[in-house]
There are 2 protein chains.
Amino acid sequence: MASIKDVAAEAGVSVATVSRVLNDHPSVSAEARTRVLAAVQTLGYRPNAVARSLRTDQTHTLGLVISDVMNPYFTELARSVEEEARALGYSVIIGNADERPDLQDHHVRNLLDRRIDGLLVSPTDGGSPLMLDAVRAGTPMVFVDRWIPGVDVPVVRTDGRAAVRDLVAHLHELGHRRLAIIAGPAATTTGRERVEAFREALGEYGLELPDAYIGQGDFQAESGRRVTEGFLDLPEPPEVVFAADNLMALGALDAVRARGLRVPDDLALAAFDDIRWFVHTDPPVTAIAQPTGELGRAAVRALVDRIEGRPGESVTLPGRLVVRRSCGEPPNPPQSPTPVQRSTS
Amino acid sequence: MASIKDVAAEAGVSVATVSRVLNDHPSVSAEARTRVLAAVQTLGYRPNAVARSLRTDQTHTLGLVISDVMNPYFTELARSVEEEARALGYSVIIGNADERPDLQDHHVRNLLDRRIDGLLVSPTDGGSPLMLDAVRAGTPMVFVDRWIPGVDVPVVRTDGRAAVRDLVAHLHELGHRRLAIIAGPAATTTGRERVEAFREALGEYGLELPDAYIGQGDFQAESGRRVTEGFLDLPEPPEVVFAADNLMALGALDAVRARGLRVPDDLALAAFDDIRWFVHTDPPVTAIAQPTGELGRAAVRALVDRIEGRPGESVTLPGRLVVRRSCGEPPNPPQSPTPVQRSTS
DNA sequence: CAGGTCGATGTAATCGATTCCATGAGTTCC
DNA sequence: GGAACTCATGGAATCGATTACATCGACCTG
């Protein structure tokens, strides 16, 4: 592969001049410029990004460590992150932690070794020493979706509190009183917050959230299935389960189906995270939608701000309830959509 | 960030010795080794991968350019690629082409500039000059899923021919005679092959595939919707549509639903690519499953073989028909599964 | 016209690693 | 005891870029 020296030789100038042309430095004669450009053409020269990074100490690369690529929510997030980054002149390297702290550390270490300019993380746990060290060492970082309390890093996330309240109102209106939740890992902020928001909202209707109705999941489908089976085995099973993410909702659907039961008649279902497939499931699933694309873009902007020396602010966007049929038919069926009903199904 | 010089100073040895310890070269005294390791510890030193790559001319990184990350099939492929690569000591940088040749070129160029060791591509089109140049220049490359004819690069893919034949047999048995297909872009091998396989299979049953029953899609949901609406507007609409990928099937589902029609009664549906959501759609969708994980792993192995100087072989794996309910109830409902029926729904 | 400014260019240091080569100490063997 | 080796180590070149600094005309100005 041709290097800058070859171009210099071909054009009959020094490597410095070639470099100046390539980085369009003002002080280059038109003559030299055309000669260099011609040489670049004939040799098919492309600057070596590795060498450039070594010298300039910047890679124009962002690291993104997400909890689970197979989760459509994170896939969409990753996509919007890449788009915005590209628009700002950065590339993105994605690391998939698969909800495993050890894998998360592996990717963080790898990305740090590659000297990425900044890191976008959706932490799987309460924060490994490695990550905390990176923050302390001054690596530009931004948390997306989940975050680690007590760490001074901007957070870009959804506040689902209001939407959860809307959801509980909706469930209450449909006559449901025994509401259960499939929680995410307690080590994650989203795992804890969604339970808290749910409990609070229930409180507003004078309802309790007994321990038996809090199932411990791990954001994966299998755990949703397991927890739902536990619920169904209870002497007094819940009337509704609220899954704290879309994959656990899928698992819940599996469990109900495996027993030959039906949603919503035997058990109603709602989920955090709206994904396009929920429109087509049987029945379409009521869910809390996050402004995923906006989240990804905001996170990249905050990170790039940090990298380029600007403040870089936290952003919190509201979630939104999308009512479908998985919690029961609305009591007033044929009617124009109310503010709460923004279903696309 | 501490460099190898700092470590050398701290340990009281030369940088050469530090490097030798780190790459465990045999000729280092135990004494020196422990001193260096101690220094590495106290400084929290991590080798700079950028500098190392510049010197050794290898990045231990694979590039993966896929057609569309939001497509669950490719997401799963990407995941298995990353896993296998990690097992072999490589990282992966994913580029999402979004079915756009210009974006594909952008990513290929970017990856080449970063001097990745090898490239895994699922081409969006017939092959840009850029990609052909890269092959000619000797960049280790492997095609996954789709490929470019006439280019000497190993191909790892699914042969769906037999499964398509099974599908047509199934449809024929259910009494369907007017079968239509939503094709992928003609510029892709998978776009063409699936139509061909379908046509051939129809031929075996004495059925034709009229032009009106070949809808031109682009592997995105919206095109599936559009094409399906076209089919439904025909004076004599088809009884079945076979979508050449899962997203177009989703679009077809949308179109049918939007007209207040039902699957399979008004229009039956089958898809290429099986994804977990198909179990839960209304109705569950009959699909041709690809051995996606195995495909990703085989592709990585072939690529790493090439990189490390071994041959690197093409691999073709068979697809498999998974019968569900979207084409109609099997004529003999309560019966043990036949070889063709391997449904998980 | 001497001195200063400015624009174009080249030389060389530098980034952080790896690795060839030289050196010197310690062993082995005849 | 000296030649021949081995082993551990350090010095320095190298990878391919960027960039500070030096140089050298050409031009401007008083």
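To find a chain, count down the sequence lines: A is the first, B the second, and so on, and within it residues start at 1.
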In whole angstrom, give the distance that lies between atom [atom1] of [X] and atom [atom2] of [N].
X	N	atom1	atom2	answer
D57(A)	dA13(C)	CG	C1'	17 Å
R52(A)	dT18(D)	CZ	P	5 Å
H25(A)	dA20(D)	NE2	C1'	11 Å
Q58(B)	dT18(C)	CD	P	11 Å
R115(B)	dA17(C)	CZ	C1'	18 Å
L22(A)	dA17(D)	CG	C1'	10 Å
E31(A)	dG7(C)	CD	C1'	15 Å
R20(B)	dC21(C)	CZ	P	14 Å

Test salt bridge (Lys or Arg N to Asp or Glu O under 4.0 Å) applied to D133(A) - qualifying residues, sequence neighbours left out: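 For D133(A), the residues satisfying salt bridge (Lys or Arg N to Asp or Glu O under 4.0 Å) (neighbours in sequence not counted) are R136(A).
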Using salt bridge (Lys or Arg N to Asp or Glu O under 4.0 Å) as the criterion, list what pairs up with E294(B), not counting sequence neighbours.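 So E294(B) forms a salt bridge (Lys or Arg N to Asp or Glu O under 4.0 Å) with R297(B), R301(B).
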When all nucleic acid strands are considered with a 4.0 Å heavy-atom cut-off, which category describes S3(B): base, sugar-phosphate, or nothing? sugar-phosphate
Mind checking A49(A) for me? I need base, sugar-phosphate or nothing, with any heavy atom below 4.0 Å counting as a touch.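 Here A49(A) touches no strand at all.
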When the axes are fitted on five pairs at both termini, how much does the helix from dC1(C)-dG30(D) to dC30(C)-dG1(D) curve, in 10° steps? 50°
Side-chain N or O of [X] versus OP1/OP2 of [N]: is the shortest distance under 4.0 Å?
X	N	value
N48(A)	dC15(D)	no
K5(A)	dA17(D)	no
R55(B)	dT14(D)	no
S27(A)	dA8(C)	yes
S19(B)	dT18(C)	yes
S29(A)	dT9(C)	yes

Determine, for D113(A) against R52(B), whether the closest basic-nitrogen to carboxylate-oxygen distance falls under 4.0 angstrom.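 No, this pair does not count.
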Side-chain ion pair, D102(B) and R100(B), N-O less than 4.0 Å: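 Salt bridge flag = yes for R100(B) with D102(B).
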Does a side-chain heavy-atom distance below 4.5 Å link W147(B) with R157(B)? yes
Heavy-atom side-chain proximity of L62(A) to V300(A) below 4.5 angstrom: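 They are in side-chain contact.
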Passing option when I4(B) is tested against N48(B), V15(B), V40(B) for side chain to side chain contact (heavy atoms under 4.5 Å, CB included):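 Result: among N48(B), V15(B), V40(B), V15(B) is the only option passing the side chain to side chain contact (heavy atoms under 4.5 Å, CB included) with I4(B).
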Does anything in residues 33-42 of chain A form a side chain to side chain donor-acceptor pair (under 3.5 Å)? List the pairs, not counting sequence neighbours. E31(A)-R35(A)
Taking ring pair (Phe, Tyr, Trp, His ring centres under 6.0 Å) as the definition, give me every residue that meets it alongside H60(A), ordered by chain and number, with sequence neighbours left out. Y90(A)
Would you jot down, in residue-number order, the residues of residues 8-18 of chain A having a non-hydrogen atom under 4.0 Å from DNA chain C? V13(A), S14(A), A16(A), T17(A)
Which atom of E82(B) lies closest to which atom of V92(B), heavy atoms considered: CA-CG2, 3.9 Å
